[in-house]
Amino acid sequence: MTTFRTSPGMRDLLGDDAARRRAFDSAFVTVVGAAGYEQIVPPILEDIGVFSRIGEATDVVSKEMYDFVDRGGRHVALRPEQTASVCRAFVEHRPSLPYKAWYSGPNFRYEKPQRGRQRQFDQVGVEVLGTDDPYADVEVIAIGWDFLTSLGLADVDLVLNSLGDPEDRRRFSEAVGEHLRAHVGELSEQSRETLERNPLRVLDSKRAEDAPIIAGAPRIEEFWSPEAAEHFAAVRDGLDRIGVPWRLDGGLVRGLDYYRRTTFEFRSGALDSAQNALGGGGRYDGLVEDLGGPATPGIGFAIGVERTLIACDVESVFPGPAGGVEVFVVDTTGGSEALALSTELRRAGRSVDRGFGGRSMKAQMKAADRSGAELALIIGEDEAASDTVTARFLRGVRPQEQWPRAETAARVAAALAESKPPEMTES
RNA sequence: GUGGGCGUAGCUCAGGUGGUUAGAGCGUCAGGUUGUGGCCCUGAAGGCCGGGGGUUCAAGUCCCCUCGCUCACCCCA
């Protein structure tokens, strides 16, 4: 018999891992919901043209796309990221401005898998379309920062840069290319290859032999237009105003071609430097137009879920919820009593589990213990005959009691209310 | 895509230079307690040793191929 396992770079999330993933989402929703963002759920599959606009020169588009021709002859692809999809949806539906949206879901890139780099990976993110206000940049960055902080992460750096306007970026790229080609003999082999494809990305190199040449390279700020410089100054002032710490890095060049002006990255000191980016984003004022829409400015970020959870593990924060039920029903009369009682309690709003298969009381009690339940409700021959249940308290010293069957739901409610600490009231 | 390391029970791992029925801890199940979990004790189930081929009287162990994971590079979240 052949067995199957997950495809390379894809994995199952069970039990606690799935619960943690859900809690991660919910922490994100708390932050973006508080800022007036609405959810968008674009399809996972799009016409490949949607993603080509990310940049034909990028690896993400040129080498890593999961694309195929469907039965109708359409050339489609699984999304490698979601910004392009959101912009396509924006053009298709034209929501009112500014359009502030958040998303959470899987993306696909055909790469060699590694820890913190899956072929199917989840991202959460936000996009703001329709305003070029620098304080929109600040809001977006602050949301990312506050979200990571809310998870308990402490060892995170916000790295900031501005690529200027498209013309600035083009001139800068040219000047950098010129400089690097003048020193091509001193560059590392990898950087020489990168130079051919995208000179700016050489600035990202962390190899020691490249450092002196990079240090002597032209600096981006010399190429900023007055407008771009002013925009970036406002972004930095805004971050200072709300106490989000940042660090300038003129070498920050993100992987996708559509960025202009503000770019940023959240880096974790808890991860290896090769994969220390938890997420990042920037301004992409031309993308909506590239997708056939009206000239519309945009800014957003995406945060990698798996990688961020690894950082949480290293920092020992965000363990995720414990799970479990409140009540476990033990039935040694054959199971129909547990069926009836657990259904009744569930309909009354309690979380209840029970055993199957008519196992011994000892086995059922073990299961009750493992279920995490506060309370075990036991129905044996005696209880069935006397129309009662035995309530056994699993987490404390309270002795077990016998309750009239008809009062069970009310008694359970009272017992659970007593064992829980009083709810804190929001001020 | 390139190179290194590693694949033994559900999980974490032992298994010098090849040598009968492949082990431990944890977990699971059952019993010790003929109606009571956690602690303790006893027992059981559970592996074609990632897959295929080769060398050998004999392969978990050596060789080749392959798949997967992992690390580095590349790239990126």
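Letters go in sequence order (proteins before strands), and every chain restarts at 1. The basis for the numbers below is simple: all heavy atoms, side chains too, and nothing from hydrogens, waters or symmetry mates.
- Taking the C1' atom of each, B:C48 and B:C29 are spaced 24 Å apart, rounded to whole Å.
- A:Asp369 and A:Arg395 are joined by a salt bridge, as a carboxylate oxygen and a charged side-chain nitrogen come within less than 4.0 angstrom of each other.
- When rounded to the nearest whole Å, the span between CG of A:Asn107 and P of B:A77 equals 10 Å.
- Residue contacts shown for A:Ala363 are limited to sugar-phosphate atoms, with no base heavy atom under 4.0 Å away.
- If you take CG of A:Leu151 and C1' of B:A77, they are 15 Å apart, rounded to a whole angstrom.
- By the 4.5 Å heavy-atom criterion applied to side chains, A:Cys87 and A:Tyr284 are counted as neighbours.
- No side-chain heavy atom of A:Val330 sits under 4.5 Å from any side-chain heavy atom of A:Leu377.
- Place A:Arg117 and A:Glu265 on RNA chain B by their nearest nucleotides, and A:Arg117 ends up nearer the 5' end.
- Within 4.0 Å (heavy atoms only), A:Glu306 reaches no atom of the nucleic acid at all.
- Within 4.0 Å of A:Ile378, counting heavy atoms only, lies at least one base atom of the nucleic acid.
- For the pair A:Glu418 and A:Arg398, the salt-bridge criterion is met [side-chain N within less than 4.0 Å of a carboxylate O].
- Which of B:G1, B:A77, B:G35 sits closest to the side chain of A:Met361 comes down to B:G35.
- Residue A:Lys366 is in sugar-phosphate contact alone, with no base atom involved, counting any heavy-atom pair closer than 4.0 Å across all strands shown.
- Base pairing annotation: B:C29 forms a Watson-Crick or G-U wobble pair with B:G43, both donor-acceptor distances under 3.5 Å.
- Judged by distance alone, the side chains of A:Gln402 and A:Thr388 do bring a donor and an acceptor atom under 3.5 Å apart.
- Note on A:Arg370: a side-chain N or O is less than 4.0 Å away from OP1 or OP2 of B:U28.
- Contact annotation for A:Arg109: base contact, defined as any heavy-atom pair under 4.0 Å involving a base atom.
- Using C1' as the reference atom, B:G3 and B:G10 are 34 Å apart when rounded to the nearest Å.
- Taking the P atom of each, B:G31 and B:A9 are spaced 28 Å apart, rounded to whole Å.
- Between the CG atom of A:Leu309 and the C1' atom of B:A77 there is a distance of 12 Å, rounded to whole Å.
- Using the Watson-Crick or G-U wobble rule with both distances under 3.5 Å, B:G3 pairs with B:C71.
- When the C1' atom is compared between B:G37 and B:G5, the two are found 44 Å apart, to the nearest whole Å.
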A:Arg109 vs A:Glu81, salt bridge (Lys or Arg N to Asp or Glu O under 4.0 Å): CA-CA, chis, key distance, verdict: CA-CA 9 Å; A:Arg109 293 182 193 173; A:Glu81 56 119 44; 5.5 Å; no

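- Counting non-hydrogen atoms under 4.0 angstrom, A:Asp382 reaches a base of the nucleic acid.
- For A:Arg115 against B:C71, a side-chain-to-base donor-acceptor contact under 3.5 Å is absent.
- Checked against a 6.0 Å centroid threshold, the rings of A:Phe266 and A:Phe147 do not count as neighbours.
- For the C1' atom pair drawn from B:C62 and B:G23, the interatomic distance equals 23 Å after rounding to whole Å.
- A:Gly9 comes within 4.0 angstrom of the backbone, heavy atoms only, and of no base.
- Across B:G7 and B:U12, the matching P atoms stand 13 Å from one another, rounded to whole Å.
- Checked by distance alone, A:Arg392 brings a side-chain donor or acceptor within 3.5 Å of a matching partner on the base of B:G37.
- For the OP1/OP2 pair of B:G37 and a distance below 4.0 Å, the side-chain nitrogens and oxygens of A:Arg395 include no atom meeting the criterion.
- Using a 4.0 Å heavy-atom criterion, one finds that A:Gly116 contacts the bases of the nucleic acid, with or without backbone contacts as well.
- Counting any heavy atom pair closer than 4.0 Å across all strands shown, A:Gln400 reaches a base atom.
- Using a 4.0 Å heavy-atom distance criterion, A:Gln114 is classed as a base contact.
- Comparing the C1' positions of B:C6 and B:G51 gives an interatomic distance of 16 Å, to the nearest angstrom.
- Separating the CD atom of A:Glu337 from the P atom of B:G35 is a distance of 17 Å, rounded to the nearest angstrom.
- With hydrogens and angles left out, the side chain of A:Glu383 and the base of B:G35 share a donor-acceptor pair within 3.5 Å.
- The partner of B:U21, taking Watson-Crick or G-U wobble pairs whose two distances both stay under 3.5 Å, does not exist in any strand shown.
- B:A59 and B:A22 have their P atoms separated by 14 Å, with the value rounded to a whole Å.
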